[in-house]
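Structure first, then comments.
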Amino acid sequence: MFPIRDHNPSTRTPYVTWALIAINVVVFLSYYPALSGSDRQLMAFFADWALVPGEVLSGSDGHTLLTSMFLHGGWMHLIGNMLFLWIFGDNMEDQFGHLRFLGFYLAAGLAAAAGQILAAPGSNVPMVGASGAIAGVMGGYLLLFPRARIDVLIIIVILFKIFTIPAWVMLGLWFALQLFNGVAMDVAGGGVAYWAHAGGFIAGVVLALPLWARLGGPAFWAKWHGEPPHAPVEYILAPRGAHAMPRVRRVSGPPRAPAPSPAARPTRIPQSGSRRRFFSPWGDGRDR
């Protein structure tokens with residue numbers, strides 16, 4: 001299951017998100033094509049710039065807490081991370097503002113590094129990748145827009161199908177998978193840094209809490225039914241000509257209507273023996 005886009009347009013140009021993607025790509029191109037042919041040279045490069053938990057705890061190579069966020073171990077590693085940042089980063093930058101979003105991103109990346117260090121304090125395996133910081137972006141997105149629509153590509157053998165699901169389903173499953181794999185695998189043996197992903201995701205939720213509270217907290221969810229407070233984007237197949245392949249075109253959906261205020265709602269008295277349910281952003285978006 002791969003997310004390919006969301007239906008949540010940003011209202012400002014995401015300069016920081018674009019810059020982070022560009023920096024990651026430029027840094028990758030500066031070393032990987034030249035060093036990928038020699039594992040020894042590549043590992044020597046990572047020894048200087050990747051995060052090694054044992055060395056950081058010994059008091060050396062503190063700079064790798066930052067530099068490791070901009071390194072990747074291969075093309076698919078880079079492409080996957082940049083896709084996730086492209087999908088979720090613009091909306092978080094829209095809400096935080098440019099400079100605050102940059103601080104949020106870097107703080108989530110540092111928290112992700114701390115999660116991996118705590119999980120394997122004596123490990124000498126280098127850790128690279130922006131996925132911890134991007135996991136923080138995803139955690140913040142889940143807090144602010146739990147019911148935003150995400151298009152995911154599901155591949156079953158030779159069947160390719162796109163489904164639209166709420167953000168809380170996709171991001172919740174992703175986070176649960178990180179926890180499961182983190183518990184199941186030998187952290188010291190290398191592989192995917194699942195605890196960095198989980199640590200970054202949790203940090204993203206925590207770091208986004210002040211913004212969520214400033215927007216109104218539960219009242220923000222209730223007003224917009226847990227969805228973004230603006231018109232969604234719809235994707236339609238548009239013909240390009242008599243013999244050309246159709247292309248996917250973006251169009252603006254109808255504006256979202258806020259939920260009516262409590263004073264405007266009809267009074268409903270629960271029947272004897274029943275219990276009133278309060279608003280939940282995970283359900284149908286309306287309190288009862």
Side-chain angles (χ1 to χ4, degrees), residues 1-10 17 80-81 83-96 101 104-105 108 111-112 115 131-154 161-183 194-235 253 256-259 277-288:
M1 182 172 69
F2 305 95
I4 57 173
R5 61 195 176 210
D6 66 359
H7 293 248
N8 186 4
S10 57
T17 299
N81 278 346
L83 174 63
F84 275 71
L85 181 56
W86 174 266
I87 293 172
F88 300 108
D90 62 331
N91 301 115
M92 295 305 295
E93 183 176 348
D94 195 12
Q95 296 298 317
F96 272 105
F101 172 71
F104 167 82
Y105 178 90
S131 51
I134 296 169
V137 174
M138 295 160 63
Y141 191 103
L142 174 64
L143 178 67
L144 296 183
F145 311 115
R147 297 185 70 241
R149 291 186 294 159
I150 309 293
D151 286 347
V152 297
L153 175 65
I154 296 180
K161 183 68 175 178
I162 296 175
F163 294 91
T164 301
I165 60 176
W168 71 268
V169 174
M170 183 261 150
L171 296 175
L173 287 174
W174 183 89
F175 178 64
L177 186 62
Q178 308 314 302
L179 292 179
F180 175 81
N181 288 330
V183 171
Y194 291 111
W195 289 115
H197 297 173
F201 191 94
I202 295 171
V205 174
V206 173
L207 291 169
L209 279 173
L211 172 61
W212 176 70
R214 195 160 60 245
L215 292 172
F220 176 71
W221 281 343
K223 181 177 181 180
W224 299 105
H225 312 309
E227 298 177 337
H230 44 245
V233 164
E234 303 294 346
Y235 298 93
R256 298 200 192 280
R277 286 201 303 149
F278 293 95
F279 173 83
S280 168
W282 324 115
D284 61 4
R286 290 165 177 80
D287 54 354
R288 294 176 182 174

Working to the nearest 0.5 Å, report the span between CD1 of Ile134 and CG of Asn81.
4.0 Å

Met92 side chain near Leu144 side chain, heavy-atom distance below 4.5 Å:
yes

Is there side-chain contact between Trp221 and Leu143, with at least one heavy-atom pair below 4.5 Å?
yes

What side-chain donor-acceptor pairs closer than 3.5 Å can you find for residues 196-207, not counting sequence neighbours?
unit_1, atom_1, unit_2, atom_2, d
His197, ND1, Gln178, OE1, 2.8
His197, NE2, Ser131, OG, 2.9

Pairwise distance CG(Asn91) to NE2(His230) - rounded to 0.5 angstrom
6.0 Å

Kindly write out the residues that satisfy ring pair (Phe, Tyr, Trp, His ring centres under 6.0 Å) with Phe104, not counting sequence neighbours, or none if the list is empty.
Phe96

What is the minimum heavy-atom distance between Pro9 and Ala231, and which atoms define it?
CG-O, 3.3 Å

Do you know the tightest heavy-atom contact between Ala135 and Trp174?
CB-CH2, 3.6 Å

Ignoring hydrogens, what is the shortest heavy-atom contact between Met138 and Phe84? Give both atom names and the distance.
SD-CD2, 3.5 Å

Rounded distance (nearest 0.5 Å) linking atom CZ of Arg149 with atom CZ of Arg147
10.5 Å

Nearest 0.5 Å please: distance from the CD1 atom of Ile4 over to the CD1 atom of Ile87.
7.5 Å

Chi angles and distances behind the side chain to side chain contact (heavy atoms under 4.5 Å, CB included) call for Phe88, Leu171:
CA-CA 11 Å; Phe88 300 108; Leu171 296 175; 4.0 Å; yes

Pair listing, side-chain hydrogen bond (donor to acceptor under 3.5 Å, both in side chains) test, anchored in residues 137-146, at least two apart
Asp6-Tyr141, Asn8-Tyr141

Can you tell me how far the CD1 atom of Ile150 sits from the NE2 atom of His7, to the nearest 0.5 Å?
8.0 Å

Does any non-hydrogen side-chain atom of Pro229 lie less than 4.5 Å from one of Phe145?
yes

Residues forming a side chain to side chain donor-acceptor pair (under 3.5 Å) with Gln95, sequence neighbours excluded:
none

As an exercise, state the distance from CZ of Phe2 to CG of Asp151, rounded to the nearest 0.5 Å.
15.0 Å

So, using side-chain contact (heavy atoms from CB on, under 4.5 Å) as the criterion, who are the partners of Leu177 when residues are at least two apart?
Asn181

With sequence neighbours excluded, what pairs up with Tyr105 under the ring pair (Phe, Tyr, Trp, His ring centres under 6.0 Å) test?
none

Might you point out which heavy atoms bring Gly136 and Ala108 nearest each other, and give the distance in Å?
CA-CB, 3.8 Å

Taking all non-hydrogen atoms of both residues, which atom of Ala112 and which atom of Gly132 are closest, and how far apart?
CB-CA, 3.4 Å

If you take all heavy atoms of Asp90 and Ser10, which pair is closest and at what distance?
OD2-OG, 3.6 Å

Under the 3.5 angstrom rule, does the side chain of Trp195 hit a backbone N or O of Gly115 as a donor-acceptor pair?
no

